[in-house]
Amino acid sequence: MNKKIFFAYMVFFTSLFYTSFMLYKNYKSDILAELYFYTGIFAMIFTAFSLLLSLFKFKGCKKLPRLFGIFAFMWAFLHLSSYFIFSKQLSFSKLFNSIFTYNIEFSGFISFMLMSLMFLASFSLFKSIKIVLKMGYVLFVLICIHYFLSAKIPNLWHISILFLSIFLLYLRYKNDLINKIYKQGNK
């Protein structure tokens, strides 16, 4: 196994261990809030790792963006599953009612649906939806909006993450936008 792939797995298992430790440490307090926080934050972190590695194309890291994307999906799945099980008591009607009532649930649900499509598109069986992989930076903005909305009073960290996501979106698509404008000007 490649050292970089091994390192990626170690980062993932470290995040699992850390989350387990924090849940054990805080089991007397609001353990559900802790569970939602850590599953969500690691989904966001692994999405950011995946996008940063794709954007800057580090030498020898060609497989890592996909792997970090899979890890992000796993954390997002745990995040949504824990919310569905513990907050909505496995009721689809409660889940969909809150999705279409509250902005935080709506942004989270849209993020999860887009991430699910991206997860499927990363496998050769679903080549027909590979175009959705270009939406990674939009996904990250949606995830950061979800994180921003999760705070009762957003602080500098929440605002910084939101601006970082918008900046990464700009970096990814600025050349495409400049080329389109240039081509239209030369017609």
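Position 1 is the first residue of the sequence; numbering continues from there.
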Residues 133-142 side chain polar contacts: donor-acceptor under 3.5 Å, at least two apart:
| unit_1 | atom_1 | unit_2 | atom_2 | d |
| --- | --- | --- | --- | --- |
| Y137 | OH | L51 | O | 3.0 |
| Y137 | OH | L55 | N | 3.4 |

Listed pairs under 3.5 Å, donor-acceptor, residues 107-115 side chains, sequence neighbours left out:
| unit_1 | atom_1 | unit_2 | atom_2 | d |
| --- | --- | --- | --- | --- |
| S107 | OG | N103 | O | 3.2 |
| S107 | OG | I104 | O | 3.0 |
| S107 | OG | H146 | ND1 | 3.3 |
| S111 | OG | S107 | O | 2.7 |

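A donor-acceptor contact under 3.5 angstrom links the side chains of S87 and Y36, judged on distance only. A donor-acceptor contact closer than 3.5 angstrom is absent between the side chains of Y27 and E34.
Remark: aromatic rings of F92 and F84 are close, center separation under 6.0 Å. Between F71 and Y9, the ring center distance clears the sub-6.0 Å criterion.
Crowding of F106 atom CZ: a count of heavy atoms from other residues, nucleotides or ligands under 6.0 Å not exceeding 12. Residue Y102 places its OH atom among 12 or fewer non-hydrogen atoms of other residues, nucleotides or ligands, all under 6.0 Å distant. Heavy atoms from other residues, nucleotides or ligands lying under 6.0 Å from CZ of F49 number 12 at most. By the 6.0 Å contact criterion, CG on L90 is enclosed, its count of non-hydrogen atoms from other residues, nucleotides or ligands being greater than 12.
Separation of atoms CG (L35) and OG (S20) is listed at 10.0 Å; rounding is to 0.5 Å. In this structure, CG in N26 is found 6.5 Å from OH in Y38, a value given to the nearest 0.5 Å.
A parallel orientation is assigned to the rings of F17 and F21, their planes being inclined by less than 30° (bins at 30° and 60°).
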